[in-house]
Amino acid sequence: LHLYYPATLKGDNNPNTQGDADPLLNYPYGCCGKEVPGNCKGHLGLVGTDEGKATANWVAGQKANFSVSGHAIDTPIFNPVGGNHGGGSAQIGFSIDGGKTFKVAKTWQGNWPDHNVHSLEPADMTYDFEVPADLPEGDAIFAWTWVNREVEFNMNCAVVSIQGSSGDPDPSSSAAPEPTSTQASAPDQTSEPSQFTLQGCTCACPAQTWSQSCTCTDCQSPSTKQAVAFTSRPDMLLNIDFEGASCKSEGNPTEMKYPDPGPDVVVADDGQYALAEP
């Protein structure tokens, strides 16, 4: 599989790709005698160039989606179609430092792609998520990773443009809405951290005012998700299941359970495969 939308760096559907597309986008890292590439299939050097221009525009704190494809890459070098392997586990995340670090946006613990999807079409493998509410405006690198039951790892990346939130609280966003004056009252402005109680959540904030950098836990309201500052989110698990990697998944008959999945997690509930940590 490879990242289809937003169009991945060096993808055949990326309008910014110059020359041939990368024929190895579908390949797992280190597959078939190929050299293990760096993060983002080795294409981070394109970021900041004409080939690394954004291929999607997303708004911080709002819902978005991404899709993957199993079709062969349209390039002169032969490459086979991919396969979805009937499941696995996946993460998506963002880098705002040029690819030095990638923070988790959402994790699927098993059943990714869906066990019942037997397709290579992007329309059948499209997934929703919420853009972290405090992701800064400007270009960011969106990353998709996948570990299947065959103990294979793949990673593709796309450059996306992040726009600031409108400021209107959205209860479906990844951050809690701003409290009203009756929900929380801030003491005198200081540089010390503060805590607010918001819709059943305890929110720790970096200053004496509520902002989207607050971290909220123990949320009881069904319309409010746990909110974690972007910089406090865990790093994506990238060093796994290739030669020289520090981590190895168990593989069949289990699907991987990420040890540190972050605040937005979908856990397989169909009972087909047990989950196991690497």
Side-chain angles (χ1 to χ4, degrees), residues 1-29 31 34-35 37-84 90-103 105-106 112-113 117 119-132 135-146 153-165 236 238:
L1 296 178
H2 65 276
L3 182 63
Y4 182 82
Y5 174 80
T8 186
L9 292 166
K10 248 349 191 181
D12 57 357
N13 68 326
N14 187 330
N16 304 313
T17 293
Q18 299 176 11
D20 296 338
D22 182 352
L24 304 181
L25 291 173
N26 274 326
Y27 283 68
Y29 272 42
C31 170
K34 307 295 183 182
E35 183 178 350
N39 288 343
C40 300
K41 267 304 198 286
H43 298 312
L44 282 174
L46 298 178
V47 176
T49 72
D50 286 345
E51 284 197 85
K53 291 181 178 178
T55 55
N57 297 301
W58 290 338
V59 179
Q62 299 299 309
K63 290 184 178 179
N65 64 65
F66 72 99
S67 59
V68 297
S69 169
H71 290 295
I73 307 300
D74 185 9
T75 189
I77 299 175
F78 172 77
N79 60 100
V81 297
N84 67 23
Q91 282 189 324
I92 57 169
F94 292 88
S95 174
I96 57 173
D97 57 9
K100 295 181 179 67
T101 59
F102 288 87
K103 296 294 184 179
K106 189 169 184 175
W112 195 102
V117 171
S119 170
L120 302 179
E121 297 298 330
D124 296 323
M125 294 183 286
T126 297
Y127 299 87
D128 295 331
F129 69 99
E130 291 163 356
V131 180
L135 201 63
E137 290 190 76
D139 284 355
I141 304 171
F142 172 76
W144 157 79
T145 65
W146 175 42
F153 169 84
N154 199 11
M155 178 185 192
N156 287 173
C157 299
V159 177
V160 297
S161 177
I162 303 298
Q163 302 171 25
S165 170
M236 295 178 69
L238 304 178

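Basis for what follows: all heavy atoms, side chains included, without hydrogens, waters or symmetry-related copies.
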### Task
Would you indicate whether the side-chain heavy atoms of Asp20 and Ile77 approach each other to under 4.5 Å?
no

### Task
Drop me the distance from Asp139's CG to Ser95's OG, to the nearest 0.5 angstrom.
11.5 Å

#### Entry: Pair His2, Asn156: side-chain N/O donor-acceptor within cut-off below 3.5 Å
no

### Query
So with a 6.0 Å cut-off around OH of Tyr4, is the heavy-atom count from everything else above 12?
no

### Message
Restricting to non-hydrogen atoms, name the atom on Trp58 and the atom on Val160 that form the minimum distance, rounded to 0.1 Å.
### Response
CZ3-CG1, 3.9 Å

### Task
Please report the closest heavy-atom contact between Ser67 and Thr126, naming both atoms and the distance.
CB-OG1, 3.3 Å

### Task
Report yes if some heavy atom in the side chain of Thr145 is under 4.5 Å from a heavy atom in the side chain of Asn154; otherwise report no.
no

### Message
Using side-chain heavy atoms (C-beta onward) and a distance below 4.5 Å, is Pro113 in contact with Leu1?
### Response
yes

### Task
Dump the intermediate steps for side chain to side chain contact (heavy atoms under 4.5 Å, CB included) on Phe66 and Lys106, then the final yes or no.
CA-CA 12 Å; Phe66 72 99; Lys106 189 169 184 175; over 6 Å; no

### Summary
Closest heavy-atom pair, His71 versus Pro122, reported as atoms and distance to 0.1 Å, is CD2-CD, 4.4 Å

### Task
Fit a plane to each ring of Phe94 and Phe129, take the angle between them on a 0 to 90° scale, and name the class: parallel (under 30°), tilted (30 to 60°) or perpendicular (over 60°).
tilted

#### Entry: Aromatic ring proximity, centroids under 6.0 angstrom, Phe153 and Tyr29
yes

#### Entry: For Ala21 against Gly11, the heavy-atom pair lying closest together
CB-C, 3.9 Å

### Task
Any chance you could measure Tyr27, atom OH, to Lys41, atom NZ, to the nearest 0.5 Å?
10.5 Å

#### Entry: Closest non-hydrogen atom pair between Ala64 and Val131, with its separation
CB-CG2, 4.0 Å

## Note on the structure
When rounded to the nearest 0.5 Å, the distance separating CZ of Phe142 from CG of Leu9 is 12.0 Å

### Task
Hey, could you give me the CD/CD distance between Gln163 and Gln62, rounded to the nearest 0.5 Å?
10.5 Å

### Query
Please walk me through it: do Ile92 and Tyr127 pass side chain to side chain contact (heavy atoms under 4.5 Å, CB included)?
CA-CA 10 Å; Ile92 57 169; Tyr127 299 87; over 6 Å; no

### Task
Using a 4.5 Å cut-off on heavy atoms from C-beta on, say whether the side chain of Val159 contacts that of Lys53.
no

### Message
Using side-chain heavy atoms (C-beta onward) and a distance below 4.5 Å, is Ile73 in contact with Asp22?
### Response
no

### Summary
So SG of Cys157 and CH2 of Trp144: to nearest 0.5 Å the spacing works out to 10.0 Å

### 4.5 Å side-chain heavy-atom contact, Asn84 and Val117
yes

### Query
Any side-chain heavy-atom pair from Leu238 and Asn39 closer than 4.5 angstrom?
yes

### Message
Go through it in stages, so that I can follow the logic: the residues are Leu120 and Ser69, the test is side chain to side chain contact (heavy atoms under 4.5 Å, CB included), and I'd like the CA-CA distance, side-chain angles, deciding distance and then a yes or no.
### Response
CA-CA 6 Å; Leu120 302 179; Ser69 169; 5.6 Å; no

### Query
Would Val68 and Trp112 count as a side chain to side chain contact (heavy atoms under 4.5 Å, CB included) if you check the C-alpha gap in whole Å, the side-chain angles of each, and the deciding distance to 0.1 Å?
CA-CA 11 Å; Val68 297; Trp112 195 102; 3.8 Å; yes

#### Entry: Side chain to side chain, Asn16 and Thr55, heavy atoms closer than 4.5 Å
yes

### Task
Give, for atom OG1 of Thr101 and atom CD1 of Ile96, the distance between the pair rounded to the nearest 0.5 Å.
7.0 Å

### Summary
When every non-hydrogen atom of Ala158 is compared with those of Ala7, the smallest separation belongs to CB-O, 3.3 Å

### His43 and Glu51: CA distance, side-chain angles, deciding distance, side chain to side chain donor-acceptor pair (under 3.5 Å) verdict
CA-CA 10 Å; His43 298 312; Glu51 284 197 85; over 6 Å; no

